Amino acid sequence: MKLIEDENGDVWRWCFLEDFFMDVRYGARVLRKNRGFTVVAITSLALAIGANTVIFSLLNGLVPRALPVPHPEQLVRFDAQSGDEPFVALSLPLFEQISSDQKVFCTTFAWWGDNLSTVEINGALSRNDIWAVTGNFYSALGATPELGRLIGPDDDDLRAASPTPIAVLAYNFWQRHYGGDRNVVGKVLKIEGAAFTIVGVTRLGFTGVSADRLPEITIPLSAEPLLAGESDVQKHLRRADAFLLEAAGRLRPDIRFEEARAQLESIWPAIRGVLAPSNLPPAERSRFLGLHMKVEPGEKGTSVLRKQFTKPLYVLLAISGLVLLVACVNLATLMLSRAAARSHEIAVRMALGASRARLVRQTLTESIMLSAVGTLAGFFLAYWWSRTLAGFILGQFFNAPAQLNLTPDLRVLVTTAVVAILTGVLFGLAPAWRATREDPNIALQRNAQKFSRSTGRLGKSLIVTQVALSLVLPAAAGLSICTLKKLRTIEPGFQSSGLLDASLYPKPGGYENLDWVNYYQELTARVSRLPGVESAGIAKMSLGWRAWKEAVRASEASGADAKVDFALVMPGFFHTVGIYPERGRIFTWRDDDKAPRVAVVSQSLAKKLFAGREPIGQRLEITTEPTWLKVEVVGVVSDASLYDIREHAPSTVYVPSTQYGEIMGWSQMMLRTRVAPASMANAVRQTVDALGH
C-alpha cells in the first residue's frame, strides 16, 4: 500500500479506508462460510426491521407528512364548530364575510368535498368522489395541471345567472377511466345526469387539502347545484345556515399562526350575529349563535384516517420495536457462541499483533454487514407490506378510492439506516467484547470446542434477557387475544351474522317525481321474496358509521334531555337486524308524510328521559331540526350498539324516513339471509335494476 504522508494527516484516512475494505472482504468470507447462520440472521432481521419500517411508513404517511403543495406551512384552516362536536363547516355567506373582514391571509378558499355521486362515462356508471371548489382553490394551493388547465376564478362566478359546467380530473381517475388518453380535454362526462366538460387533469400525487382522500373530480362551487338538479346558486348556497363548506387561507408572509387565530376569533362574534337567520326556530337560532370559530394549522391537511389509526399504529410500532429487540438479543447470543467457537482464531490474531480495537472493529463490521443486508431485505418487504396494509385499511374505511402517500422519503430512509446501524452495533457489541476478554496465551492452550460449550456470564445474561423479552411478547399477545375475545363476546343488541348491507344509489334522474313510499315498499317486497332471503329493511344509515348526534328533550313533565344517536329507518328494519320491540309498536308503511310524526326510542333512552313514566305517547323535542321539533314516541325497542360495539346501551332515536321524502334518496338495504350473504349480491342488484331507478 502506498502511503501519502503530509501535515494534514491524509495517511491516516487512507489507512482507515483500506482497513475498512479489508474488514468487509474478510467479513463477507466469514459469513459466506457460515451460510446457515447468515440465512437465519438475515431472515430474522428482515422480518423484524421490515415490520418496524412498514409501521413507521404508515405513520409517516398518516401523521407528520405535510401536503405536497408549495409552502404548506402557510396554510390555515378555519371553520365553525358547535361545542365539542367533531363536525366543522361554514356556509357560503359566512365564508365570504370572513374573507372580506380578515386581514391575515393573502387569499382564502373553500370547498365542498367528499360527495359520492353517480358519474356516467361513455354509458358506464360509477360512484365517484366529487369536490366542488371555489375558483381560487388550485391557485391558492399552488397546483399546476398535468394536462389542460385547472379551475380558475372566471369559472366560479357565484353571482352569474348560470354556472359553468366544467370538470377537472384527478390523475389516478384519468388513468383508471380514460387510460391516460391525452385527448381527454374537451370530452364530456355526466355527473348525476348533468353534462360537464373536462378541461384538465391534475398532477400525480395531488390530493388537494386532504392527506388521504383523493378528489377524483372537481367542479366549480357555483356548479354544485347542478348535481341536485338545480341551477339557482343563490337559492341553493346562499342560506347562512347551510353549513356545507370547509375553508382555509394562506398566511401573509409577515403573519404568524397565533396572530391569525386571534384575529379570526375576534371578528367571528360580529359576523355570526349579523348573519344569524331571523326565521330560524329559537332552538336552532340559539345553536347558530353558539357556534365558535375553530382555527388550526392546515399544513398536514384534513384526514379521516389520522384520528382513527394514529394511536393503534403507535402501539404496533412499540410492539414491533420489541420484536426487533428480541431479534437483536437472539443474534447477539448466536454471535456470542460463534465468538466462543472462534476464540482460538482470535487468540492467534492477537498473538500476531492484532490490537483489541482492531478485533472489535472486525466483529462490529460483520454485525453491521448482516444488519445492512437484513435491512435491505426488510425494506423491500416493508414496501409491499405497507401498500397491502394501507389498501386493506382504505378499502375498509372508504367507499371511494383513497390515497395515502407511502413513498419512502428522506425521513424513512434515514430512520431505516439508523435502525440498521444500531441493530448491528447492538447485537455485535456482546461478541466483540467477549472476543477480546480472553488472554491469548491461555486461549491458545485450550481446545476451541471447550470454548463453545460456555459463553460465560455475558452469555448467561443475554439468555436471561432473551427469555424475559420473549415472555413479554406472549403476554402482550395474550392480552390482545383476550381483548379481541371479549369484544367478540359483547352482545351488540342486533344479529350481525347472516346480514348483508347493500348501498342503494339512484341512476341519474332516477328519483325524480318518484313516489318514495311506494317505491321502497315494492323494492323491499321484491327483495324479501328472493330465494335465500328471510327479510329485508332499508335505513338511512350504515352500521358502524356514526353520522351525528343530536340533542333531544322530553317536552313534558321533567323536561329531561340527552345527546342521542339518530337512525332513519323504514318498516322491516327492526326485524331484519334483530332489534326487538319492548313495548308499543314499530313503524309501518302507513307512517308516511301524511301521518303524524312519530319516533321509536331505545330502552336506555326511555329510562333516561321519562324516569319510570310510561314513554308511549310522550313527545320529544329534537332541538336542532325544525321538521322534527315534536315527535310522538310510539314504541320502545331493545338497546343496540349500531355504531360502536364498545358503547354499552347507547341512547338512540329511530324515526321513519318514510315521513321525510326530501332525505330518502341514498339509503342502505339490510338483508337477513339463509345463505352466505355475499352470494345474494347479484340477485339484489338485478332486482334493484329491474325497478328502473
Side-chain angles (χ1 to χ4, degrees), residues 399 490-506 516-547 565-592 598-605 634-645 647 649-650 652-660 663-691 693:
N399 292 321
I490 291 177
E491 179 56 53
F494 64 92
Q495 299 176 13
S496 58
S497 60
L499 196 63
L500 177 66
D501 188 357
S503 298
L504 299 176
Y505 297 114
W516 294 100
V517 176
N518 286 337
Y519 169 72
Y520 279 121
Q521 186 175 7
E522 176 65 19
L523 177 60
T524 303
R526 289 193 184 190
V527 172
S528 299
R529 291 195 295 267
L530 290 174
V533 175
E534 290 184 2
S535 62
I538 297 175
K540 185 82 173 181
M541 55 159 286
S542 293
L543 295 175
W545 183 271
R546 174 179 279 116
D565 289 320
F566 263 81
L568 288 85
V569 304
M570 297 185 198
F573 170 81
F574 294 110
H575 176 65
T576 299
V577 299
I579 299 176
Y580 303 106
E582 299 289 338
R583 65 182 68 182
R585 68 175 180 89
I586 53 179
F587 304 134
T588 69
W589 292 108
R590 291 189 296 274
D591 292 314
D592 56 16
V598 295
V600 169
V601 300
S602 63
Q603 192 173 29
S604 60
L605 180 61
V634 295
V636 177
V637 295
S638 57
D639 291 328
S641 301
L642 299 175
Y643 304 109
D644 188 348
I645 195 172
E647 187 174 358
T652 309
V653 172
Y654 302 88
V655 293
S657 49
T658 49
Q659 294 191 328
Y660 307 95
I663 56 175
M664 285 181 66
W666 168 86
S667 298
Q668 295 288 119
M669 172 169 279
M670 315 288 180
L671 286 85
R672 173 72 55 193
T673 66
R674 292 185 291 269
V675 296
S679 65
M680 298 300 305
N682 288 332
V684 172
R685 187 180 296 110
Q686 293 171 5
T687 303
V688 174
D689 290 342
L691 281 175
H693 297 284

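Since we're looking at a predicted model, the values are computed, not measured. Quick note: residue numbers are just sequence positions, from 1.
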Carefully, step by step, assess V533 and R672 under the rule side chain to side chain contact (heavy atoms under 4.5 Å, CB included).
CA-CA 6 Å; V533 175; R672 173 72 55 193; over 6 Å; no
Evaluate the side chain to side chain contact (heavy atoms under 4.5 Å, CB included) criterion for residues V655 and V653: first the C-alpha distance (whole Å), next the side-chain angles of each, then the deciding distance (0.1 Å), finally the verdict.
CA-CA 7 Å; V655 293; V653 172; 4.1 Å; yes
Full working for side chain to side chain contact (heavy atoms under 4.5 Å, CB included) between W589 and M570:
CA-CA 8 Å; W589 292 108; M570 297 185 198; 4.3 Å; yes
Using the side chain to side chain contact (heavy atoms under 4.5 Å, CB included) rule, take L499 and L671 through it: C-alpha gap first, then chi angles, then the decisive distance, then the call.
CA-CA 6 Å; L499 196 63; L671 286 85; over 6 Å; no
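Among residues at least two apart or in separate chains, salt bridge (charged side-chain N to carboxylate O under 4.0 Å, His left out) pairs with a member in residues 526-535 are E522-R526.
For the pair F587/V600, a side-chain contact is recorded, criterion being any heavy-atom separation below 4.5 Å from C-beta on. Counting heavy atoms from C-beta outward, L500 and M670 have side chains that stay 4.5 Å or more apart. The side-chain heavy atoms of F573 and I538, taken from C-beta on, include no pair separated by under 4.5 Å.
Side-chain atoms of T524 do not come within 3.5 Å of backbone N or O of Q521 as any donor-acceptor pair.
R585 CZ: more than 12 foreign heavy atoms inside a 6.0 Å radius.
Of the residues listed (D501, L523, V688), the one engaging M669 in a side-chain contact (heavy atoms from CB on, under 4.5 Å) is L523, and it is the only one.
D592 and T658 are not linked by any side-chain donor-acceptor pair at a separation below 3.5 angstrom, with hydrogens and angles left out of the test. Checked by atom type, the side-chain pair T576/S535 shows a donor-acceptor distance below 3.5 Å. Donor-acceptor pairing under 3.5 Å is lacking for the side chains of Q603 and D639.
Note: Y654 and F574 have perpendicular aromatic rings, judged against thresholds of 30 and 60 degrees for the angle between ring planes.
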